[in-house]
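One structure is given here, and the rest of the page talks about it.
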Amino acid sequence: MITVENLHKSFGESHILKGVSTTFESGKTNLIIGQSGSGKTVFLKSLLGLFTPEQGTIYYNNQPYSQMTADERIELRQKMGMVFQGSALFDSMTVEENVMFPLKMFTNQSRSEMQDRVDFVLKRVNLVDAHNKLPAEISGGMQKRVAIARAIANKPKYLFCDEPNSGLDPKTAIVIDNLIHEITNEYNITTVINTHDMNSVMEIGEKIVFLSKGLKEWEGSNKEIFKTDNEAVTDFVYSSELFKKVRQMYIEERD
Amino acid sequence: MKYLHAIGSYFLMIGNVFYKPTKWSITKNLILKEVEDLIYGSLGIVIFISFFIGGVVAIQTALNIDNPLIPKYLVGFATRQSVILEFGPTFTSIIMAGKMGSYITSSIGTMRVTEQIDALEVMGINPLNYLVLPKIVALMLYPFMVATSMFLGILGGWAASVYGGYTNSADFIQGVQSNLIPFHITYAFIKTIVFAFILATIPSYHGYYMKGGALEVGKASTTSFVWTSIVIILLNYFITQLLLG
Ligand SMILES: Nc1ncnc2c1ncn2[C@@H]1O[C@H](COP(=O)(O)OP(=O)(O)OP(=O)(O)O)[C@@H](O)[C@H]1O
Ligand SMILES: [Mg+2]
């Protein structure tokens, strides 16, 4: 479980996060939504300790991150998996080496055990014929999937994904959503996902936090987001005609 | 103030390089890769430049001694002295500040810009140890490169003098062998080891702490070259004053 309390983060004059508090439970897929530039990435990187917040506390299982020793942080981080918005694959390594990297680093598995695990996770992200390609030789969507495979290879306890299915076709996006949802439930992972994808919101949003202007504007589940009267949320979620219609049908059905 | 801050964070970085070492089985492969990229990949240019500069040094010396009282072997002697004392260690290092330095800065800088360094950090790896230590270790082979440069510089001097008709082979070789002070060699290799450390760390510093995007990677490489050269030149001065002065 991760608890965030009154998180503030600025860059020079611009105040990006202005006091965000929320909780992410384990075994649940937690989604952060919000407009482009609303600070989702900054929020996620602050959770990971890549940015140091000016104010506020982040608790990992009730232990404040800022008070952990360097060794405790390293230990915690070895249990994390992160998918960066830009994938951040190691460009001097092949796809397979990228995915194997955390296994080589932190386990004592034999070569064949690691190979099996790599094949398994690559298969789960629908990538079966790119093992020996370099990141520069595959498409953006494929890179994203390699990044997901790398993040889950070593069975993390915390999984952070910054727009895991941007750049994917709708069908693959669903595969990825389902994969993240499944492993989250199966291994009781604390998962936090930044997304723009309304389909993900509807399908796997067990908890949704809506960030706007540096503040948490709304939070709730995918069931609640249908019913909310919060205008900022409905404006954002139902900005597409299709979703407006879906909502209309939902409301009519309910009445 | 800005410089003081940079110097401070440079030394902090050096400290962190040795903290939380990565698994040896992984580090070993990284070192081998750096030896290939940094040392092996630069040998060609070092050989080429050393041979021809050695030749030029010999020709210049020969042209400047038209006094018949000065013995002919002086050409060989002067070539050896300048090649061993300055050309081999210092000049080669300045060239390597351009070649290896820009490679190191741009490769680490690209990793910074594309969040690969963040990815390492999030995995609980010490990125400085992972990225910089193998370069420092690989550059411990740098003295061999400088020795190659010295040998080829003298060879180039010999070839230019003999085939250019400035001295004969025997005179040149006599010059190369005369009045050799062993401490000069020690001095040259002490410098070389210091420069090797500078060549590995200052470009790493500029790559690691850069901010911005692809454009800034280019700028960081240039800045890195300027500072690596300045530090090498300054240290060269101080070491010379300290050891020979
Ligand atoms: N390292 C940084 N230095 C300065 N400003 C930054 C930095 N990172 C982000 N910002 C600023 O913080 C704001 C929020 O950026 P962030 O990347 O978190 O947005 P986002 O919600 O993830 O957007 P998107 O959906 O487009 O990814 C932006 O205005 C950005 O300019
Ligand atoms: Mg973002």
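All chains are named by letter (A, B, ...) in the order of the sequence lines, taking the proteins before the strands, and each is independently numbered beginning at 1.
- For L89(A), the part lying near chain B is the backbone, with the side chain staying farther off; criterion is any non-hydrogen pair under 4.5 Å.
- The part of T22(B) that comes within reach of chain A is its side chain, from C-beta onward, which places non-hydrogen atoms under 4.5 angstrom from that chain.
- Heavy atoms closer than 4.5 Å to chain A are found nowhere in K33(B), neither backbone nor side chain.
- Heavy-atom pairs under 4.5 Å with chain B were tallied for M82(A), K79(A), K45(A), Q85(A); the largest tally goes to K45(A).
- Taking all atoms of both residues into account, the shortest heavy-atom contact from M111(B) to F90(A) is CE-CD2, 4.3 Å.
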Q: Let me see the working for M105(A) and L120(B) under side-chain contact (heavy atoms from CB on, under 4.5 Å), right down to the final yes or no.
A: CA-CA 11 Å; M105(A) 258 312 166; L120(B) 287 169; 5.8 Å; no
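- Within a 6.0 Å sphere centred on CD of E75(A), heavy atoms belonging to other residues, nucleotides or ligands number 12 at most.
- Counting heavy atoms of neighbouring residues, nucleotides and ligands inside a 6.0 Å radius, atom CZ of F151(B) does not exceed 12 of them.
- Only the side chain of R150(A) comes within less than 4.5 Å of a heavy atom of chain B; its backbone N, CA, C and O stay farther away.
- Between V122(B) and the options F84(A), F160(A), Y158(A), a side chain to side chain contact (heavy atoms under 4.5 Å, CB included) holds for only F84(A).
- K155(A) NZ: 12 or fewer foreign heavy atoms inside a 6.0 Å radius.
- Shortest non-hydrogen contact noted between A88(A) and A119(B) is O-CB, 4.1 Å.
- Chosen from I125(B), T114(B), T110(B), the residue pairing most often with chain A at heavy-atom distances under 4.5 Å is I125(B).
- Ranking N154(A), L50(A), V83(A) against chain B, the residue ahead of the rest is L50(A), based on heavy-atom pairs under 4.5 Å.
- Remark: I26(B) CD1 to F101(A) CZ distance equals 6.0 Å, nearest 0.5 Å.
- K23(B) places a side-chain N or O within donor-acceptor distance of the main-chain N or O of K104(A), the cut-off being under 3.5 Å.
- Within a 6.0 Å radius of OH in Y237(B), other residues, nucleotides and ligands contribute 12 heavy atoms or fewer.
- Between the CE atom in M123(B) and the CD atom in Q78(A) there is a gap of 11.0 Å [rounded to 0.5 Å].
- The environment of OH in Y19(B) is crowded: more than 12 heavy-atom neighbours from other residues, nucleotides or ligands sit within 6.0 Å.
- I74(A) contributes atom CD1, which lies 9.5 Å from atom CD of E121(B) (distance to the nearest 0.5 angstrom).
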